[in-house]
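Notes follow once the structure below has been shown.
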Amino acid sequence: VNMNGIDYEIADAVMFTNYFISGLTAFGDHVEGSIAASDANADGATLTVADLVYLVRVIQGDALPYLKPDPNASFSVKTQKIGGNMNVGVETTNDAGAALFVFNVTGEIGQPIMAEGVSMDIISNVDNGELRVLVYNIGSEAISSGDLMTIPANGTIDLREVEAADFNGNTMASSILVLPSSFALAQNYPNPFNPTTTIKLALPVSSEYSLEIYNIAGQSVRTYNGSSEAGVVEIMWDGKDTSGNSVASGIYLYKVKAADYSATKSMILLK
């Protein structure tokens, strides 16, 4: 990668990691040659995190022959902004050798901090409203499911893109899930409605919840109870009461309770 005529050395990995944070300028005056040399896993794609992982495996001396990607390998990222911190966790089917995270940011952004017990290396850079974070390891450490890192953020921060590769350098299918930062009850949709409508409740933490629907006279019409992990719960009301009878047109109130949170909104059923 550094075009000095020596294959698979630490200097290649160092230059390659700098590329993910600084772009093509990391290759100096041999950009085209470095791009061509970067396809370490021989999958036809250059400048990928998968190439970096495979390069590290070769440097370590434990690289296997080129492997076919696991079609079921997935790398799911969960982000949650709580107060002045962006928390990042992952759920992965296979241990990942490295992952690149690209955030849109505004305001003051601090240095990412690895979660307790995570021994990966991390480098980052902020430029023109974009934070790029590379989590990798020139060694035998890997990314497993669980909390990964925290990013101090006195402003806005949104994860835009993720690229991950498994321990052997195969690209993994990545996805992003943004968890709510606070409890919130959304307006039902559609509204007015006939015959069904959906009510959404945001849960920042695992919670038990209840939803109760009242008519304009304050009489309970329908009750829903449940529990959920952090995320958005969707409840569909079919315009029927607890006995399964269709209710009359009119204004109805719906009230949710979850932990210490409570909120009430109104909706209109038109027939």
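Numbers for residues simply follow the sequence, beginning at 1.
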Next item on the list: Check whether any side-chain N or O of N188 sits under 3.5 Å from a backbone N or O of P190 as a donor-acceptor pair, and report yes or no.
Entry: yes
Margin query: Could you measure the distance from the CG atom of D12 to the CD1 atom of I6? Nearest 0.5 Å is fine.
Written below: 8.5 Å
Next item on the list: Measure from the side-chain N and O atoms of T171 to the backbone N and O of A164, and report whether any donor-acceptor pair falls under 3.5 Å.
Entry: no
Notebook entry, point to check: At what distance, to the nearest 0.5 angstrom, does CG of L131 lie from CG of L159?
Noted result: 9.5 Å
Next item on the list: Check the pair W237 / Y254 against ring-ring contact (aromatic ring centres under 6.0 Å, His included), numbers first and verdict last.
Entry: CA-CA 10 Å; W237 184 39; Y254 58 101; 9.1 Å; no
Check: When you measure from the side chain of Y261 to the backbone N and O of L185, does any donor-acceptor pair fall under 3.5 Å?
Finding: yes
Margin query: Within this structure, what is the CG-CG distance for the pair N191 and L269, rounded to the nearest 0.5 Å?
Written below: 10.0 Å
Checklist line | Donor-acceptor under 3.5 Å (T106 side chain, T156 main chain) | finding: yes
Next item on the list: Just do the side-chain contact (heavy atoms from CB on, under 4.5 Å) check on K255 and S262 with the steps written out, would you?
Entry: CA-CA 7 Å; K255 181 178 182 179; S262 177; 3.3 Å; yes
Check: Got more than 12 heavy atoms from elsewhere within 6.0 Å of CD, E229?
Finding: no
Notebook entry, point to check: Does the D166 side chain pair with the main chain of N94, one donor and one acceptor, at a distance under 3.5 Å?
Noted result: no
Margin query: Looking at D260, I'd like to know if its CG atom is crowded, meaning that more than 12 non-hydrogen atoms belonging to other residues, nucleotides or ligands lie closer than 6.0 Å.
Written below: no
Checklist line | Among I251, N194, T197, side chain to side chain contact (heavy atoms under 4.5 Å, CB included) partner for I268 | finding: I251
Note to self: When you measure from the side chain of N168 to the backbone of N170, do you find a donor-acceptor pair of N or O atoms at a distance under 3.5 Å?
What the structure shows: no
Next item on the list: Supply the atom-to-atom distance T79 OG1 to L177 CG, rounded to the nearest 0.5 angstrom.
Entry: 7.5 Å
Check: Between Q80 and P180, is there a donor-acceptor pair closer than 3.5 Å when you use the side chain of the first and the backbone of the second?
Finding: yes
Checklist line | Residues D238 and R222 bridged, charged N to O under 4.0 Å | finding: yes
Notebook entry, point to check: Taking only residues two or more places apart in sequence, or in another chain, which ones meet T223 in a side chain to side chain contact (heavy atoms under 4.5 Å, CB included)?
Noted result: E212, S220, N225
Next item on the list: Quick one: pull up CZ in F101 and CD1 in I151 and give me the separation to the nearest 0.5 Å.
Entry: 8.5 Å
Next item on the list: Determine yes or no for a side-chain-to-main-chain donor-acceptor pair under 3.5 angstrom, with K81 supplying the side chain and D158 the backbone.
Entry: no
Note to self: Taking the side chain as everything from C-beta on, heavy atoms only, tell me whether L52 gets closer than 4.5 Å to L134.
What the structure shows: yes
Note to self: Is it true that T150 and N87 share a donor-acceptor pair across their side chains at a distance under 3.5 Å?
What the structure shows: yes
Next item on the list: State, yes or no, whether a side-chain contact exists between M120 and M149 at a heavy-atom distance under 4.5 Å.
Entry: no
Next item on the list: Measure the CG-CE distance between D29 and M3 for me, rounded to the nearest 0.5 Å.
Entry: 10.0 Å
Checklist line | Pair S34-Y19, side-chain contact (heavy atoms from CB on, under 4.5 Å): steps then yes or no | finding: CA-CA 10 Å; S34 293; Y19 154 77; over 6 Å; no
Item checked: Lys/Arg cation over aromatic F20: R132, 6.0 Å, 45° cone -> no
Next item on the list: Walk me through it: do I213 and V247 pass the test side-chain contact (heavy atoms from CB on, under 4.5 Å)?
Entry: CA-CA 11 Å; I213 300 171; V247 300; over 6 Å; no
Check: Got more than 12 heavy atoms from elsewhere within 6.0 Å of CD, Q187?
Finding: yes
Check: Is there a donor-acceptor contact under 3.5 Å from the side chain of T93 to the main chain of S74?
Finding: yes
Next item on the list: Pick out which of V178, T92, V90 makes a side chain to side chain contact (heavy atoms under 4.5 Å, CB included) with V77.
Entry: V90
Next item on the list: Would you confirm whether D51, through its side chain, and L55, through its main-chain N or O, come within 3.5 Å as a donor-acceptor pair?
Entry: no
Notebook entry, point to check: Just wondering, more than 12 heavy atoms not from K265 lying within 6.0 Å of its NZ?
Noted result: yes
Check: Passes side-chain contact (heavy atoms from CB on, under 4.5 Å), Y136 versus D121? Steps please.
Finding: CA-CA 5 Å; Y136 70 106; D121 302 308; 3.9 Å; yes
